[in-house]
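Notes for the one structure printed next.
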Amino acid sequence: MSYQHKDIEQKWQDFWAKNATFKTGEDTSKPKFYALDMFPFPSGQGLHVGHPEGYTATDIVSRMKRSQGFNVLHPMGFDAFGLPTEQYAMKTGRFPADITKENVANFRKQMQTLGLSYDWDREVNTTDPKYYKWTQWIFEQLYKKGLAYEDKIMVNWAPDLMGGTVVANEEVIDGKTERGGFPVYRVPMRQWVLKITAYADRLIDDLEGLDWPESIKEQQRNWIGRSIGASVFFDVENAQDKIEVFTTRPDTLFGASYVVLSPEHALVDQIATDDNKDAIEAYRKEIASKSDLERTDLNKDKSGIFTGAYAINPVNGEKLPIWIADYVLASYGTGAIMAVPAHDTRDFEFAEKFDLTIKPVIEGGTNEEAYTGDGTHINSGFLDGMDKATAIATMIDWLEEHDRGHKQVNFRLRDWIFSRQRYWGEPIPVIHWEDGESTLVPEDQLPLELPYMEDIKPSGNGESPLANATEWLAVEDENGRKGLRETNTMPQWAGSSWYFLRYIDPTNDDAIAAPEKLNYWGNVDLYIGGQEHAVLHLLYARFWHKFLYDLGVVPTSEPFQKLVNQGMILGENHEKMSKSKGNVVNPDDIVNEYGADTLRMYEMFMGPLEQSIAWSEDGLSGSRRWLDRVWRMIVDEDGHLNANITTENDGTLTKSYHQTVKKVTNDFEGLRFNTAISQLMVFVNDAYKAEKLPLEYIKGFVQLLAPVAPHMGEELWQILGGTDTIAFVAWPTYDESQLVENEVEVVLQVNGKVRSKITVAADIAGDELEKLALADEAIQKQVADLTVRKVINIKGKLINIVAN
RNA sequence: GCCGUUGUGGCGGAAUUGGCAGACGCGCUGGACUCAAAAUCCAGUUCCUUCACGGGAGUGUGGGUUCGACCCCCACCGACGGCACCA
């Protein structure tokens, strides 16, 4: 009887569900392992063929760890708030919660057909009030610590997205919204903001100890963008004002030839001379109408205007003209710079265009371009003769001594804009009272539930649709004081910033999770997901986790010890899968036609987990053929155990078996699933050549296969005589002594080229081996006319004869 | 422009610490089985040259270190990803 994937997969999925096979063990005397997948947004499209790749990887490790005696926490949930559902709801006139429910049910069903060993009793859903009660609770703790505040700030306003909404910096790509590609403008607006910058140093420094891909760490470092330099204070001529600038090159202060303020800088109006004010106003108007895209990418040409005022260089008293220019950003540093055109590319361009002084203070440059490298300082008073590092340190000392500046660290990272003008998100639990006070919704009244609304169209004035929920909106306290609820909701990143903690104790109504459970499960041992979350989700989750650590809620300062990014699965034409290209593969179709085991096996075998690889229908069917081959190796035509599987062991498979156990175990541990599977194939090839198959080896082999192909694994285990699930059968072990050979093949080289091979006893003496090598016929031929200069002997492997 | 990742047969990929390049799979070729085909099983398959034995070349390119380099060093080229007027 051939392998019938539909019957067998259904049979074991039912068995696992009925017996709660994958319920998380809680016997704390056992070691733990927490294997986590990035939970998906349950879109209407259903599962993509890329999802099962990461899911299968954590599933294989989870299954192996269970067999190795670990308590395994391997949960799944849904990141279900978000814009696509809200847009779809408006289009169809339906309610977002209903759509979400359907999509989640579909996703769950699809995941179950893949045979993933999740503990479904621990499923979390960010839109469940019992869940977002704790998202709101965390927000309230942030508020109490002064880390959540309201501010009128320049935000990324996308008037064409959802009837007008604000997006985070991270959601702006090339001056357009990440979703939909709408233009983004910078306008001031009242927003909730989380002070992630308070954690900037720790977010950079703690990357050090994490087992994460270097590229992700680097992206986070770039995103946080720490730069170390100095603040320098410039007096303004004939005025009380001081201009504070930030520079990473205080050593070039003697070369400063002008000062630039960003057009939005607060001092501009005070210092500008009357005859320049009209021109300044015109310039500002011109800039305000530009989107970010036009201000940066589209316009590399420098623009600016003179204010009429002068600053005094603190180190030499020189008079420097003060300009405004949009190449200086209000949002970075102090929004003001000292310009050193001789040693800064941007200042150089500006100075060339407006004919400003260019004064070199470091040797080594030309007149053609700014010289930004190291060199000996000149024209720099007490810095003359020093190199860059020494000059920087010396100048900072001088500034501090004379009270003209100090060492300063700046970050590119901005505080996290935490409000969205949308309906489908967690309500921010704040009430604005008529007397001007704002208070939190008391903790014992959480969750503050999202009200049901017939119509969730945007209010049109930039406020969230919740502004129209009149009944929900109005509150009155015990003294009759009237107030209005905050109408902004949280961004999608809120719920995903802590969900991994909730799996630990998903139904706890009194806390995020019980402290003893948090202590037991600690941080996530293995976290697998897509690279697209490199800075967004992973940075926010680290920030919240560190905050919770400071509060004493969690025992670790980092949430994810080991992180792996699975690569993308591309279409058969090596392009990203997309409907418009018509190269999308639907996992449901594959499961139907080939079975979930084949899909799992193929996705693991196609290449390294981290690498992006093109889909191949041929490769897929090859995987199915191999599983059939395995089946035929063990099961005869009548569905019974093959007659050549016996308890006798003639030893022919011993070495191959022990090698296979060793390699597969190590490779699963190291997430090298493709090479683990190739070793399973090697064993099967060997087994087909053997006359008798020792039962013990076949059982071990099935155990090694089961994490990859769990349904087939269970079925074969049963045919081999197993009476219960294979999930907890102790993992096979190997015997190192079975791997050593008493005869080895030694490669013979002449001048580094392989000329012959001989088989010798493994413990042969070195000089005897060399004698044998030189006596070899092929070697004799090669060295006949040469003088042997040297013989290199790598024990048990290789002899290299150097001759000329 | 800067940073990171990466480059190996017709294709996906493998190669522990610097020691037989191409494991395993796909594809292709041949054989067995079959009336025949499919499926299956077995064998072969880097390129050039040779009837063959054999010889030569070969891991993006050019150089270097070494008895020996896919692996280490220098320079360059291509692909992918990120950042980008961040002072």
Side-chain angles (χ1 to χ4, degrees), chain A residues 2 173-174 213-223 225-227 229-230 245-250 252 260 262 295-297 299-302 325-329 331-340 343-347 349-350 410-414 531-532 534-535 565 567-568 574 602 605-608 610-623 625-626 628-629 632 663 666 672 674-682 684-685 688-689 745-757 778 781 789-803:
Chain A
S2 66
I173 309 286
D174 292 339
E214 195 48 44
S215 67
I216 300 285
K217 288 192 189 181
E218 199 55 30
Q219 279 181 58
Q220 294 215 346
R221 283 190 203 106
N222 286 342
W223 190 261
R226 177 162 61 191
S227 64
V245 310
F246 174 69
T247 177
T248 54
R249 296 295 304 275
T252 61
V260 190
S262 70
R295 254 182 92 164
T296 58
D297 274 30
N299 185 11
K300 294 290 182 196
D301 206 23
K302 296 272 182 298
D326 68 349
Y327 84 91
V328 174
L329 307 175
S331 56
Y332 186 76
T334 60
I337 63 155
M338 64 178 212
V340 187
H343 306 292
D344 181 280
T345 323
R346 296 148 302 179
D347 298 341
E349 277 174 36
F350 192 82
N410 254 318
F411 298 95
R412 181 187 168 281
L413 182 72
R414 305 263 60 87
Q531 182 136 35
E532 64 273 20
V535 281
N565 291 123
M568 236 188 314
H574 289 79
Y602 171 60
F605 183 60
M606 64 198 297
E610 306 84 4
Q611 200 170 304
S612 290
I613 302 170
W615 182 263
S616 154
E617 197 74 19
D618 281 339
L620 177 73
S621 71
S623 293
R625 285 206 305 270
W626 185 75
D628 286 333
R629 183 170 157 90
R632 283 191 306 270
K663 181 153 178 63
N666 290 341
R672 295 179 298 269
N674 55 331
T675 52
I677 290 169
S678 84
Q679 182 61 42
L680 291 172
M681 290 172 168
V682 168
V684 171
N685 290 348
Y688 264 82
K689 283 176 193 121
E745 192 180 51
V746 175
V747 174
L748 305 184
Q749 296 183 334
V750 176
N751 292 330
K753 286 190 176 154
V754 180
R755 295 298 176 187
S756 183
K757 293 170 189 179
K781 217 166 113 188
R789 301 288 175 194
K790 201 169 167 186
V791 177
I792 312 279
N793 184 354
I794 307 297
K795 198 172 177 303
K797 277 188 177 166
L798 175 144
I799 295 281
N800 187 17
I801 296 154
V802 184

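Residue numbers start from 1 in every chain, and the chains themselves are labelled A, B, ... in the order their sequence lines are given, proteins ahead of strands.
- Looking at heavy atoms from C-beta onward, A/V802 lies in side-chain contact with A/N751 at the 4.5 angstrom threshold.
- Dashed line: the shortest gap from a side-chain N or O of A/R221 to OP1 or OP2 of B/G4 is not under 4.0 Å.
- Pair check for B/C24 finds B/G12; Watson-Crick or G-U wobble, both atom distances under 3.5 Å.
- Nucleotide B/C71 has no partner under the Watson-Crick or G-U criteria, as no pair reaches both atom distances under 3.5 Å.
- Not one side-chain nitrogen or oxygen of A/R625 sits closer than 4.0 Å to the OP1 or OP2 atom of B/C24.
- Among the atoms of the strands shown, only primed sugar atoms or phosphate atoms (P, OP1, OP2) are found under 4.0 Å from some heavy atom of A/S215.
- Between the C1' atoms of B/A84 and B/C3, the separation comes to 11 Å (whole Å).
- Residues A/R629 and A/Y332 each lie close to RNA chain B; by heavy-atom proximity, the contact nearer the 5' end of the strand is made by A/R629.
- When heavy atoms are screened at a 4.0 angstrom cut-off, A/K663 is found touching no nucleic acid atom at all.
- For B/U16 and B/G12, the C1' atoms lie 23 Å apart once the distance is rounded to whole Å.
- For the pair A/K217 NZ and B/G4 P, the computed distance is 14 Å after rounding to whole Å.
- Between the CZ atom of A/R412 and the C1' atom of B/G82 there is a distance of 10 Å, given to the nearest Å.
- One interatomic measurement links the two molecules: OH of A/Y327 to P of B/A87, which rounds to 13 Å at whole-angstrom precision.
- In this structure, the side chain of A/N410 does not engage the main chain of A/S227 through any donor-acceptor pair within 3.5 Å.
- Distance noted for atom P between B/U8 and B/U59: 11 Å (whole Å).
- Side-chain contact between A/L748 and A/I801: absent, with no pair of heavy atoms (C-beta onward) separated by less than 4.5 Å.
- B/U45 and B/G54: their P atoms are spaced 14 Å apart (whole Å).
- In this structure, the separation between CZ on A/R412 and CH2 on A/W223 is 5.0 Å, given to the nearest 0.5 Å.
- As a whole-Å value, the separation of A/M568 CE from B/G82 P is 9 Å.
- Shown here, B/G1 forms a base pair with B/C83; the pair counts as Watson-Crick or G-U wobble because both key distances fall under 3.5 Å.
- Atom CD of A/Q611 and atom P of B/U6 are 9 Å apart (whole Å).
- Contact annotation for A/F350: no contact, since no heavy-atom pair falls under 4.0 Å across all strands.
- Here the side chain of A/D344 is nearest to one of B/A87, B/G81, B/G4, namely B/A87.
- As a whole-Å value, the separation of A/I677 CD1 from B/C24 P is 15 Å.
- With a 4.5 Å cut-off on side-chain heavy atoms, A/D344 and A/T252 do not count as touching.
- Taking for each of A/G607 and A/G752 the nucleotide of RNA chain B with the nearest heavy atom, the 5'-most of the two is the partner of A/G607.
- Taking side-chain N and O atoms only, A/N674 has a distance below 4.0 Å to OP1 or OP2 of B/A14.
- Taking atom C1' on both B/U34 and B/U40, the two are 12 Å apart, rounded to the nearest angstrom.
- A close approach under 4.0 Å does occur between a side-chain nitrogen or oxygen of A/R755 and OP1 or OP2 of B/G55.
- Atom pair A/Q749:CD and B/A69:C1' shows a separation of 12 Å (rounding to whole Å applied).
- Distances from the side chain of A/V747 to the nucleotides B/C20, B/C26, B/A87 place B/C20 closest.
- Of the possible donor and acceptor atoms, one in the side chain of A/Y602 sits under 3.5 Å from a partner among the backbone N and O of A/S616.
- A donor-acceptor distance shorter than 3.5 angstrom exists from the side chain of A/Q220 to the backbone of A/A534, with no hydrogens or angles considered.
- Relative to the six-membered ring of A/Y327, A/K302 meets both conditions, a distance below 6.0 Å and an angle of at most 45° to the axis.
- Glycosidic conformation of B/G9: syn, with the torsion inside 90° of 0.
- With a 3.5 Å ceiling on both atom-pair distances, the Watson-Crick or G-U wobble partner of B/U40 is B/A32.
- In terms of phosphate contacts, A/S227 brings a side-chain nitrogen or oxygen within less than 4.0 Å of OP1 or OP2 of B/A87.
- A/V802 comes within 4.0 angstrom of sugar-phosphate atoms only, judged by non-hydrogen atoms across all strands, and of no base.
- Contact annotation for A/N685: backbone-only contact, meaning every heavy-atom pair under 4.0 Å involves sugar-phosphate atoms and none involves a base.
- Backbone-only contact: A/I613 has heavy atoms under 4.0 Å from sugar-phosphate atoms and none from a base.
- Separation of the P atoms belonging to B/U61 and B/C70 is 12 Å when rounded to the nearest angstrom.
- For B/A23 and B/G82, the P atoms lie 35 Å apart once the distance is rounded to whole Å.
- Each of B/A87, B/G4, B/G19 was ranked by its minimum atom distance to the side chain of A/L798; first place goes to B/G19.
- Contact annotation: side chain of A/N800 to base of B/C67, donor-acceptor pair present below 3.5 Å.
- The CZ atom of A/R249 sits 9.0 Å away from atom CE of A/M338, with the distance rounded to the nearest 0.5 Å.
- For B/G78, the paired nucleotide is B/U6, the pair qualifying as Watson-Crick or G-U wobble because both relevant distances are below 3.5 Å.
- Pairing for B/U66 is absent, judged as Watson-Crick or G-U wobble with the two contacts each under 3.5 Å.
- One can place CD of A/E349 at 11 Å from C1' of B/G1, the figure rounded to the nearest angstrom.
- As rounded to the nearest Å, B/G78 and B/A21 have C1' atoms that lie 23 Å from one another.
- Residue A/P608 is classed as a sugar-phosphate contact, given heavy-atom separations below 4.0 Å to backbone atoms only.
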